[in-house]
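Right, one structure below, let's go through it.
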There are 2 protein chains.
Amino acid sequence: MAKHDTDLSALFHALADPTRRQILTRLAAGPAPVSDLAEPTGLRLPTVMRHLSVLEEAGLIASSKDGRVRTCAIVPEALQPMQAWLAEQRRIWEQRLDRLDAYVKTLMEEKPE
Amino acid sequence: MAKHDTDLSALFHALADPTRRQILTRLAAGPAPVSDLAEPTGLRLPTVMRHLSVLEEAGLIASSKDGRVRTCAIVPEALQPMQAWLAEQRRIWEQRLDRLDAYVKTLMEEKPE
DNA sequence: CTGTTAGTTAGCCTTATGGCTAAGCATGAC
DNA sequence: GTCATGCTTAGCCATAAGGCTAACTAACAG
């Protein structure tokens with residue numbers, strides 16, 4: 001599979017955790033040091049550190065240390081690959097929507113589980 | 001956290017696996033039985049079955065059994081929550097883009113790792 | 001220099017994930 | 001009935017994920 005597949009996996013995986021999405025939302029309000037990010041999660045620093053490195057490896061955040069304080073910030077372009085994937089899928093999926101719509105409903109009525 | 005947070009986690013998690021994305025892409029071409037989905041993955045049936053149930057629990061596919069054949073189909077609306085989350089994030093993130101843009105670049109130059 | 005503050009690293013624990021084989025259970029073909 | 005087919009279930013294994021504590025390092029503050 002192509003390289004951007006790896007990117008997508010890392011991206012989706014990073015976003016699959018509520019704590020990490022919480023951190024991102026917090027960072028949307030502006031850059032913040034690690035401790036500030038940790039506080040509202042109720043988790044310990046080392047745990048948050050790992051969430052941060054997952055986010056950073058996925059390219060969703062960038063960070064830099066000034067003195068003993070590490071400041072983190074979101075990287076807005078990071079969502080782009082996902083945006084692209086989503087747009088492509090919706091394009092394909094919706095081409096078949098009419099055909100599928102009734103069909104899927106039939107499936108779900110026949111056998112909900 | 002809200003209920004749709006659980007949904008989002010399940011959704012992102014389901015999409016984080018390349019095999020599962022491959023299956024979805026295959027299904028975009030139209031409904032298919034389990035065996036047909038398994039074949040191009042090179043994985044064993046039970047393994048594929050588990051991928052399918054992850055996809056189904058995330059609401060991304062629906063399936064029904066006719067005789068001994070289970071047919072699977074995508075559920076296009078399933079991407080909607082993700083689409084909504086993405087749109088919202090991009091909205092917030094990009095509000096700060098000007099301010100952040102230069103800042104993040106500074107961070108990354110200072111300390112790439 | 002001593003003490004606090006902010007991260008960091010190392011290492012442990014438990015659960016989840018992703019793969020497998022082997023065996024089971026329907027259904028459809030003979 | 002018997003047998004192949006298509007899915008299902010059970011259970012094993014290795015690795016990854018997400019949490020923790022404890023101990024260490026690097027700045028400031030006095």
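Heavy atoms only: backbone and side chains are in, while hydrogens, waters and symmetry mates are out. Every chain is numbered from 1 and lettered A, B, ... according to where its sequence line falls, protein lines coming before strand lines.
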Rounded to the nearest Å, what distance is computed from the CG atom of residue A:D17 to the C1' atom of nucleotide C:dA16? 13 Å
Using a cut-off of less than 4.0 Å, is there contact between a side-chain N or O of B:H13 and OP1 or OP2 of C:dT17? yes
When rounded to whole Å, the NE2 to C1' distance for the pair A:H51 and D:dA16 reads 14 Å
Minimum heavy-atom separation for A:A78 to A:G59, with atom names? CB-O, 3.1 Å
With the side chain of B:R20 defined as its heavy atoms from C-beta on, choose the nearest nucleotide among D:dT8, C:dG18, D:dG18. C:dG18
Under 4.0 Å between a side-chain N or O of A:R70 and OP1 or OP2 of C:dA6? no
For the backbone of A:S63 and the side chain of A:E56, can you confirm whether one donor and one acceptor N or O come within less than 3.5 Å of each other? yes
Audit row: A:L27, A:I61, side-chain contact (heavy atoms from CB on, under 4.5 Å) steps and yes/no: CA-CA 9 Å; A:L27 280 178; A:I61 68 172; 3.7 Å; yes
Give the table of side-chain donor-acceptor pairs shorter than 3.5 Å for residues 46-54 of chain A, with sequence neighbours excluded, one pair per line with atom names and distance.
unit_1 : atom_1 : unit_2 : atom_2 : d
A:H51  : ND1    : A:R20  : NH1    : 3.1
A:S53  : OG     : A:M49  : O      : 3.4
A:S53  : OG     : A:R50  : O      : 3.0

From CD of B:E39 over to P of D:dT5, roughly how many Å is that when rounded to an integer? 16 Å
Does B:V69 share a hydrophobic cluster with B:V34, counting links as ILVMFWY side-chain heavy atoms below 4.5 Å and allowing steps through other members? no
Between C1' on C:dT17 and CZ on B:F12, what's the gap in Å once rounded to a whole number? 19 Å
For A:L52 and D:dA17, give me the distance from atom CG to atom C1', rounded to whole Å. 16 Å
Would you kindly give the CG-to-C1' distance between A:L15 and D:dA17, to the nearest whole Å? 16 Å
5'-most by nearest nucleotide on DNA chain D - B:R50 or B:L45: B:L45
Quick one, give me the B/S/- string for nucleotides 22-30 of chain D, reading 5' to 3', where B means a protein heavy atom under 4.0 Å from the base and S means that only happens at the primed atoms, P, OP1 or OP2. B----BS--
What closest approach, in Å, do A:D17 and A:T19 show between heavy atoms, and which atom pair accounts for it? OD1-N, 2.7 Å
5' priority, DNA chain D, between B:D36 and A:V48 [closest heavy atom]: B:D36
Taking OP1 and OP2 of C:dG18, is either one under 4.0 Å from a side-chain nitrogen or oxygen of B:T47? no
Which of C:dC20, C:dC12, C:dT8 is nearest the side chain of B:R44? It is C:dC20
Of A:L11, A:V75, A:I74, the one forming a side chain to side chain contact (heavy atoms under 4.5 Å, CB included) with A:L60 is A:L11
B:L55 CG - C:dG18 C1' separation (whole Å): 14 Å
Please report the distance, rounded to the nearest Å, between CD in A:Q22 and P in D:dG19. 11 Å
